[in-house]
Amino acid sequence: MDKKIISTGAIFGMIAIILGAFGAHALKKVLSLEQLSTFETGVRYQMYHAVFLLFIGLTNELSQKAKKTIYFLVLFGVILFSGSIYLLATNDLTSFDFKVIGFVTPIGGLLLILAWVVLLMNIINKKS
């Protein structure tokens with residue numbers, strides 16, 4: 001499981017860097033400052049959680065069950081949160097109205113928060 005967690009963290013980090021560069025260079029010409037800022041929020045949160053997954057995969061302080069729970073919360077949280085933000089920020093560039101999927105953004109955010117809650121609860125309840 002640790003290899004999968006670390007690999008996913010590395011992939012999320014790599015994609016965040018690619019999307020950040022894409023936003024800073026290609027999208028800068030076609031998006032408003034507000035849309036660019038929104039896009040960058042998605043990139044930032046994806047990178048935060050890429051690093052979080054690297055930490056989770058490398059730590060020995062958590063059980064495999066806790067790591068698996070955190071992994072899936074972060075995986076789906078990033079996809080829903082950052083993914084929907086990318087689509088919403090670039091909504092004007094397509095003929096499809098991505099505003100209809102806007103409701104998944106807070107669901108993704110909640111999953112990310114829950115991942116941190118699982119970490120906190122496992123650390124608090126860990127027997128020395």
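Residue numbers start at 1 and run along the sequence shown.
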### Exercise: identify the closest heavy-atom pair between Ala50 and Gly9
CB-O, 3.3 Å
### Task
For residues Thr59 and Lys67, report the shortest heavy-atom separation together with the two atoms involved.
O-NZ, 2.6 Å
Check for a donor-acceptor pair, side chain of [X] on one end and backbone N or O of [Y] on the other, with a separation under 3.5 Å.
{"X": "Tyr71", "Y": "Leu53", "value": "no"}
{"X": "Thr94", "Y": "Thr90", "value": "no"}
{"X": "Ser84", "Y": "Phe81", "value": "yes"}
{"X": "Lys4", "Y": "Lys68", "value": "no"}
{"X": "Ser63", "Y": "Ala66", "value": "yes"}
{"X": "Gln46", "Y": "Phe12", "value": "yes"}

Quick check: are there more than 12 heavy atoms from other residues, nucleotides or ligands sitting under 6.0 Å from [atom1] of [X]?
{"X": "Leu33", "atom1": "CG", "answer": "no"}
{"X": "Glu34", "atom1": "CD", "answer": "no"}
{"X": "Tyr86", "atom1": "OH", "answer": "yes"}

[Y] reachable from [X] in the ILVMFWY side-chain graph, under 4.5 Å edges:
{"X": "Leu110", "Y": "Phe52", "result": "yes"}
{"X": "Val117", "Y": "Ile56", "result": "no"}
{"X": "Ile107", "Y": "Val74", "result": "yes"}
{"X": "Leu19", "Y": "Val30", "result": "yes"}
{"X": "Leu31", "Y": "Leu87", "result": "no"}

### Check: Thr105 and Leu80 side chains under 4.5 Å, non-hydrogen atoms
no
### Query
Can you tell if the side chain of Phe55 reaches within under 4.5 Å of the side chain of Leu119, non-hydrogen atoms only?
yes
### Any donor-acceptor N or O pair under 3.5 Å, side chains Gln35, Ser32
yes
